[in-house]
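Following: one structure in structure tokens, then a few remarks.
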Amino acid sequence: MPPTVITQKPVNNSPTAKRLCSHRNIGIMAHIDAGKTTVTERILFLTKKIHKIGEVHDGETTMDYLEEERKRGITIQSAATSAEWRGHSINIIDTPGHVDFTAEVERSLRVLDGAVAVFDGVNGVEAQSETVWRQADRYKVPRLCFINKLDRTGADFNYSVQTIIDRLGARPVPIQMPVGMEKNFRGIVDLVTMRYYEFIGDDNKQETLESDVPADVLDEAKAARHKMLEAAAENDEQLLDMFVEDKEMPADLVLAALRRATIAMQITPVVCGSALKHKGVNFLLDAVINLLPHPQDLPPIMGTLPRSDEAVVRSVDDAEPMCLLAFKTIAEPTGDLTFVRVYSGVLSASTRVLNPRTGKNERIGRVVRMHANKREPIDELRCGDIAAVVGLKNTYTGDTLCDEDKPIQLSKIQFPEAVIAMSLEPKKSSDRDKLGEIIGRMMREDPTFRAQTNEATGELVISGMGELHLEVITHRIQNDHKCDVVTGKPKVAYKQRLARNVETEARFIRQSGGRGQFAVIWVRFEAASTEGGGFEFVDGIKGGSVPREYIPAVEKGLTEGFNSGGRTGFPFVNVRATLFDGKYHDVDSSEMSFQSAGVLAFRQAADGNVSLLEPIMKIEVRVPEEYMGGVVGDLNSRRGEVSDVDALGNLRIIRALVPIAEMFAYSSALRGATQGRGSYAMELHEYRDVPRNIAEKILDSKREPEKD
């Protein structure tokens, strides 16, 4: 039998603490095709949550329920479910592996207590594996590693573990050792108990037979166990003494020490298997219970009073005032389905809650437990739990909901910037209002999807994280919402900044008989204090040269100029405007005249003084060795900067930074150059200045005569 489940002793004996100690909130995360959804599917089958297994390649998995997911064989939206294992309840969120849908990973990790990082046993750490790992680091989420697909040709457990060290800078500690590899993968040694579990039965109903560790792998297992015990002993004085004296260490003490180190993010335990063949998933679940934290392990949640910097603390307890975070929204005609994590207190159906962002109250309609797209009504949601509520009207991703008498504002979720845009319009003009409503709903669901209308041309422009992202969006508009649309070619989501600091005098003086308009302002423009930030206004007026009542109008006008995008329409970033002098007229000055002066000041500052910024993508290309030269040469011709090349058998892994402007339709070019044997993944790295000769062409094509 697998080792006994050991949980940390509750910090107190309250009913809340006891319940939370048998509860886990975990996410499954990885690079695309590493096997996340298959792992989740096997967990649900093993815990008897489902009785028939669906396969990704057949488009029949439980968690990938969207039509687009089933057609493409990838996860697009994170999906939540729950299961029970050995008396413990587990909330599970299956997240996407494609970088275009990284927002789903971001918001899931924000509310999870632990995560399982799944790695392909052949490829080890891949491009998106690194991205999601960094996201988990940012939110301080303890995690386990599951080396999957060890039955595949080319699988190498030790190589995969080494890539975790080399690529992620982590400290992986295997607590299992595979016996056999590729088609001979036949069992696992539990290094904590030093017992061998041999896989028996066919691939659809794997069982394990427990026995002593086979003699032919005993020395290797002892060496692996020694390394694991060394990591455990570093976190427990009693174990350290036993380790130094070479005494036998009890399994319960070893697990407890590993658990503390995992929760403190000092180590990352590693388990292994093949989810597709039902190998090792039960041991993965044991590791989740044994090593990942329950809500009571985590520190109290920190927040602030709304519209204040005063700190507020909430303990993880049902008796505390209610506090929850909305981390995902699915827009529905009858009222949004909002996924929430309860950090303190108890949420019941029909409860009134305060949204500190809006300052308004909302009423919870129903509370439901989610199983992919199926809903199970429940009466209440207790602290430490994750579920969904129905009926909220004005609550979006990242909003806090709390007790109206004990308000708290939790930190918001930060999402990456869009990197690609394209025009969109309905085929029928009569569908314009319908399309606008659909776009609004989809923006509520996806914080990385944005849409705006170009005021000069009336063109609707949508933007997102990549070509696949926008392709999925448009397909959903047409197939799910039954609104036919016409799209333009994808375009780069350029930005612009002021090239140099300037001071400008803006004079807005109009006289046409009767009362005129009069406003004169001097404004200093420079880079904002936060790199890549938005617009920052500084009131530097002394002596009343601009009356107090007109200063907000100046700020409004400057903000309007900043948001307009100037002559090119590209959004500005990183601008600080300091109003330091001005003139007014007792009769002719007004808020409108000073607002107009603000708009004029920004236009003058930007005229001939902009630098264009473009998204630079971090790309990882995997190709057979014989095609490497051609692929590297092609990347160089696309203004790419190759940073390093690694070897994986006959494969070469090329990493580079390339402007996204040069990467449209790259998948077709790569297929042609490698006879279909190359693959790649890319993500946003940073925004950089566009080379002057290219920027001039782009700006010339966008400039239009200014209308006064």
Exercise. Taking NZ, NE, NH1 and NH2 as the nitrogens, is one of them in E220 or K222 under 4.0 Å from a carboxylate oxygen of the other?
Worked result: no
Exercise. How long is the gap from CD on E230 to CG on L240, to the nearest 0.5 Å?
Worked result: 10.0 Å
Problem set entry | From I653 atom CD1 to L651 atom CG, the distance as rounded to the nearest 0.5 Å | 7.0 Å
Exercise. Are any side-chain N or O atoms of R143 and backbone N or O atoms of G114, one a donor and one an acceptor, separated by less than 3.5 Å?
Worked result: no
Exercise. Are side-chain heavy atoms of I413 and T397 found at a separation under 4.5 Å?
Worked result: yes
For this session: Evaluate the side-chain contact (heavy atoms from CB on, under 4.5 Å) criterion for residues Q409 and L305: first the C-alpha distance (whole Å), next the side-chain angles of each, then the deciding distance (0.1 Å), finally the verdict.
Result: CA-CA 6 Å; Q409 176 84 56; L305 281 177; over 6 Å; no
Problem set entry | Salt-bridge present (E248, R225; N to O < 4.0 Å) | yes
For this session: State, to 0.1 Å, how close P142 and P293 come at their nearest heavy-atom pair, and which atoms those are.
Result: CG-CG, 3.9 Å
Exercise. Which pair of heavy atoms, one from A232 and one from L258, lies closest together, and at what distance?
Worked result: CB-CD2, 3.9 Å
Problem set entry | Least distance between heavy atoms, H88 atom then C21 atom | CD2-O, 4.0 Å
For this session: Using a cut-off of 6.0 Å, state whether more than 12 heavy atoms not belonging to K406 lie near its atom NZ.
Result: no
For this session: Would you give the length of the straight line joining atom SG of C323 to atom CD1 of I301, rounded to the nearest 0.5 angstrom?
Result: 6.5 Å
For this session: Taking all heavy atoms of V346 and all of M322, pick out the closest pair and write down the distance.
Result: O-SD, 3.9 Å
Exercise. Is the shortest distance from a Lys or Arg side-chain nitrogen in R24 or D113 to a carboxylate oxygen in the other one below 4.0 Å?
Worked result: no
For this session: Decide whether D120 and N148 meet the rule of one side-chain donor and one side-chain acceptor closer than 3.5 Å.
Result: no
Exercise. Should K49 and H371 count as side-chain neighbours, where that means a heavy-atom distance under 4.5 Å?
Worked result: yes
Exercise. Under 4.0 Å between a Lys/Arg side-chain N and an Asp/Glu carboxylate O for D646 and R652?
Worked result: no
Problem set entry | 4.5 Å side-chain heavy-atom contact, R314 and I408 | yes
Seminar exercise, completed: Test side-chain hydrogen bond (donor to acceptor under 3.5 Å, both in side chains), reference N123, set R622, K149, H31, output is R622
Exercise. Using a distance-only test with no angle check, is there a side-chain donor-acceptor pair under 3.5 angstrom linking W85 and N282?
Worked result: no
For this session: Apply side-chain contact (heavy atoms from CB on, under 4.5 Å) to V39 and V116, showing your working.
Result: CA-CA 10 Å; V39 168; V116 175; 5.6 Å; no
Exercise. At what distance, to the nearest 0.5 angstrom, does CG of L657 lie from NE2 of H685?
Worked result: 5.0 Å
Seminar exercise, completed: dist I32:CD1 -> F101:CZ (nearest 0.5 Å) comes out at 8.5 Å
Exercise. Do V316 and C383 come within less than 4.5 Å of each other through their side chains, counting heavy atoms only?
Worked result: yes
Problem set entry | Step-by-step salt bridge (charged side-chain N to carboxylate O under 4.0 Å, His left out) determination, R138 to E106 | CA-CA 10 Å; R138 188 161 59 250; E106 191 83 26; 2.7 Å; yes
For this session: Decide yes or no for T208 and I200: does some side-chain heavy atom of the first lie under 4.5 Å from some side-chain heavy atom of the second?
Result: no
Exercise. Is there a donor-acceptor contact under 3.5 Å from the side chain of R259 to the main chain of L292?
Worked result: yes
Problem set entry | 4.5 Å side-chain heavy-atom contact, R382 and E380 | yes
Problem set entry | Heavy atoms of other groups near E686 CD, more than 12 under 6.0 Å | yes
Seminar exercise, completed: I378 and A387 have their tightest heavy-atom pair at CD1-CB, 4.5 Å
Exercise. How far does OH of Y343 sit from CG of D385, to the nearest 0.5 angstrom?
Worked result: 12.5 Å
Problem set entry | Side-chain donor/acceptor of T400 to backbone N/O of L410, under 3.5 Å | yes
For this session: Could you walk me through whether K183 and D151 pass salt bridge (charged side-chain N to carboxylate O under 4.0 Å, His left out), step by step?
Result: CA-CA 5 Å; K183 65 179 181 180; D151 58 322; over 6 Å; no
Problem set entry | Salt bridge K247-D241, side-chain N to carboxylate O under 4.0 Å | no
For this session: Could you tell me whether R655 and E641 have a side-chain N and a carboxylate O separated by less than 4.0 Å?
Result: no
Exercise. Do you see a donor-acceptor pair shorter than 3.5 Å between the side chains of H23 and N25?
Worked result: yes
Exercise. Is any side-chain heavy atom of R110 closer than 4.5 Å to a side-chain heavy atom of Y139?
Worked result: yes
Exercise. Under 6.0 Å between ring centres, would you say that holds for Y197 and F283?
Worked result: yes
Exercise. What heavy-atom pair brings K36 and D94 nearest, and what distance separates the two atoms?
Worked result: CB-OD1, 3.7 Å
Exercise. With under 30° as parallel and over 60° as perpendicular, where do the rings of F243 and H226 fit, or are they tilted in between?
Worked result: tilted
For this session: Examine R341 relative to F339 and say whether NZ or CZ is less than 6.0 Å from the centre of the six-membered ring and inside a 45° cone about the ring axis.
Result: no
For this session: Using a 4.5 Å cut-off on heavy atoms from C-beta on, say whether the side chain of M617 contacts that of L684.
Result: yes
Problem set entry | Donor + acceptor pair across side chains of E320, S344 (<3.5 Å) | no
For this session: Compute whether any side-chain donor of one residue and acceptor of the other, for Q162 and N158, lie under 3.5 angstrom apart.
Result: no
Exercise. Could you go step by step and tell me if K277 and F199 meet the side-chain contact (heavy atoms from CB on, under 4.5 Å) rule?
Worked result: CA-CA 10 Å; K277 302 295 178 62; F199 302 123; over 6 Å; no
Exercise. Should I90 and S82 be marked as a side-chain contact (heavy atoms from CB on, under 4.5 Å) after you check the CA-CA gap, both sets of side-chain angles, and the distance that decides it?
Worked result: CA-CA 5 Å; I90 308 174; S82 59; over 6 Å; no
Problem set entry | Check: T131/E683 side-chain N/O donor and acceptor closer than 3.5 Å | yes
